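Encoded as structure tokens, the structure appears first; notes follow it.
Sequence positions, counted from 1, serve as the residue numbers for this chain. Everything numeric here is computed off the predicted structure, so don't read it as measured data.
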Amino acid sequence: LVGCGKGIATKNKNNETKTESKEKITIDKLIYDVKSEVSDGERYVMMSLTNNSKYTLTDFKVDYKVKSDVTDKQKNEIYNKAIKEFEVSADDAKELKKMDISMFAETEKIVEPGETINKINCYSFEGYYCMKDMEHFKLLEPDIVTIKYIDDGKINTMYYDCSNKSYSY
């Protein structure tokens, strides 16, 4: 995997410049998992995050998209289940069916190196609803991961494209 970071230029005793490669933050150092958990007596789809990098995280977000092999029938089942579960009106149901079946999970908590954060809410239908249905989640795959981290006293942002396995800044 390709990461982000900067090289460090140093001069030796002969005044020659030498660039040292600094350890880069990579997605494989940020372990995230989504599962069904109980919170306040109700079952929700929630994410956990473990920061195994050497960087302090200030924000971590995973956007999910519907898998390419999901059928229209499966999509309609998810829409109908959401309409029933969230008790939306007929007008809101029409609007809901215009939305992508997607999800995101985000924490803006500071996550120190070696720290784990649990019970991060997952939101469906453009963030309007806390996700409760693992069947909905099973139709999704990670799309883009947004990572904000502190390096040299500055907050940097890195994006990881899960489909292409590439980074951008």
Side-chain angles (χ1 to χ4, degrees), residues 1-13 16-67 78 82 85-86 99-169:
L1 293 175
V2 177
C4 60
K6 302 172 188 166
I8 301 172
T10 59
K11 292 192 177 196
N12 63 17
K13 63 183 179 181
E16 297 168 331
T17 301
K18 178 181 171 187
T19 301
E20 297 174 16
S21 181
K22 187 172 181 181
E23 181 184 326
K24 299 171 181 175
I25 192 167
T26 57
I27 195 70
D28 63 324
K29 299 281 187 186
L30 307 172
I31 309 305
Y32 60 97
D33 183 43
V34 175
K35 62 185 175 184
S36 181
E37 293 195 47
V38 175
S39 180
D40 295 327
E42 291 192 53
R43 189 165 301 282
Y44 292 94
V45 177
M46 301 185 123
M47 183 175 75
S48 64
L49 166 67
T50 300
N51 179 7
N52 289 328
S53 79
K54 71 173 199 163
Y55 297 96
T56 298
L57 306 180
T58 62
D59 191 320
F60 183 85
K61 180 181 180 186
V62 183
D63 289 298
Y64 288 80
K65 64 181 179 180
V66 70
K67 293 177 182 175
I78 294 298
E85 180 179 342
F86 300 117
M99 294 180 190
D100 287 333
I101 294 178
S102 60
M103 181 191 92
F104 73 88
E106 180 176 26
T107 182
E108 294 177 327
K109 292 180 181 177
I110 300 295
V111 186
E112 298 292 343
E115 186 177 8
T116 297
I117 300 287
N118 293 304
K119 295 192 175 186
I120 301 165
N121 287 325
C122 297
Y123 296 95
S124 59
F125 297 107
E126 299 176 8
Y128 286 99
Y129 303 102
C130 277
M131 185 179 275
K132 293 184 172 186
D133 186 4
M134 279 303 289
E135 292 307 310
H136 179 160
F137 175 73
K138 290 176 184 176
L139 302 178
L140 305 173
E141 63 188 3
D143 185 21
I144 297 172
V145 179
T146 304
I147 304 160
K148 294 185 180 180
Y149 63 98
I150 299 173
D151 185 19
D152 293 330
K154 297 179 194 171
I155 296 176
N156 297 289
T157 303
M158 180 190 69
Y159 302 95
Y160 180 73
D161 180 336
C162 299
S163 298
N164 296 317
K165 299 187 182 338
S166 63
Y167 294 90
S168 61
Y169 313 95

Legend entry - For M158, the option from I27, D151, I25 that meets side-chain contact (heavy atoms from CB on, under 4.5 Å):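 Testing each of I27, D151, I25 against M158, the sole residue satisfying side-chain contact (heavy atoms from CB on, under 4.5 Å) is I25.
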
Show me the donor-acceptor pairs, under 3.5 Å and distance only, between side chains in residues 140-147 and residues at least two apart or in other chains.
none

Legend entry - Those residues that, when tested against K29, pass salt bridge (charged side-chain N to carboxylate O under 4.0 Å, His left out) (two or more places apart):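 K29: no salt bridge (charged side-chain N to carboxylate O under 4.0 Å, His left out) contacts found.
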
Inset, instruction - List in chain and number order the residues that pass salt bridge (charged side-chain N to carboxylate O under 4.0 Å, His left out) with E135, two or more places apart in sequence or in another chain; answer none if no residue qualifies. - result: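 With sequence neighbours excluded, E135 shows a salt bridge (charged side-chain N to carboxylate O under 4.0 Å, His left out) to K138, given in chain and number order.
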
Inset, instruction - Sequence neighbours left out, what pairs pass salt bridge (charged side-chain N to carboxylate O under 4.0 Å, His left out) with at least one residue falling in residues 124-134? - result: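 Matches after skipping sequence neighbours: E42-K132, K81-D133.
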
Legend entry - pair F60-L30: side-chain heavy atoms closer than 4.5 Å: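 Sidechains of L30 and F60: in contact.
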
Inset, instruction - Taking the six-membered ring for Trp and the full ring for Phe, Tyr or His, determine whether the centres of H136 and F125 are under 6.0 Å apart. - result: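 Centroid separation for H136 and F125: below 6.0 Å.
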
Among all residues two or more places apart in sequence or in another chain, which pass the side chain to side chain donor-acceptor pair (under 3.5 Å) test with [X]?
X    : value
D33  : none
D161 : N164
T58  : none
S163 : K65

Quick check for you: to the nearest 0.5 Å, what is the distance between [X] atom [atom1] and [Y] atom [atom2]?
X    : Y    : atom1 : atom2 : value
D59  : I110 : CG    : CD1   : 9.0 Å
L139 : I78  : CG    : CD1   : 5.0 Å
L49  : L57  : CG    : CG    : 6.0 Å
S124 : M131 : OG    : CE    : 4.5 Å
K24  : K54  : NZ    : NZ    : 12.0 Å

Inset, instruction - Return each pair, listed once, that meets ring pair (Phe, Tyr, Trp, His ring centres under 6.0 Å) where at least one residue sits in residues 104-124; pairs must be two or more places apart or across chains. - result: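 Every ring pair (Phe, Tyr, Trp, His ring centres under 6.0 Å) pair that includes a residue of residues 104-124, provided the two are not neighbours, is F104-Y123.
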
Inset, instruction - Please check if atom NZ in K67 has more than 12 non-hydrogen atoms from other residues, nucleotides or ligands closer than 6.0 Å. - result: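 More than 12 within 6.0 Å, yes.
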
Inset, instruction - Ignoring hydrogens and angles, state whether a donor on the side chain of D28 or T26 is under 3.5 Å from an acceptor on the partner side chain. - result: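 Short answer, yes.
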
Inset, instruction - Could you tell me which residues satisfy ring-ring contact (aromatic ring centres under 6.0 Å, His included) with F86, sequence neighbours excluded, listed by chain and number? - result: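 With sequence neighbours excluded, F86 shows a ring-ring contact (aromatic ring centres under 6.0 Å, His included) to Y129, given in chain and number order.
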
Inset, instruction - Kindly give the heavy-atom pair with the smallest separation between C122 and A105, and that separation in Å. - result: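 Reported closest heavy-atom pair: SG-CB, 3.8 Å.
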
Legend entry - Where at least one partner belongs to residues 104-115, residue pairs that pass side-chain hydrogen bond (donor to acceptor under 3.5 Å, both in side chains), sequence neighbours excluded: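 For residues 104-115: T56-E112.
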
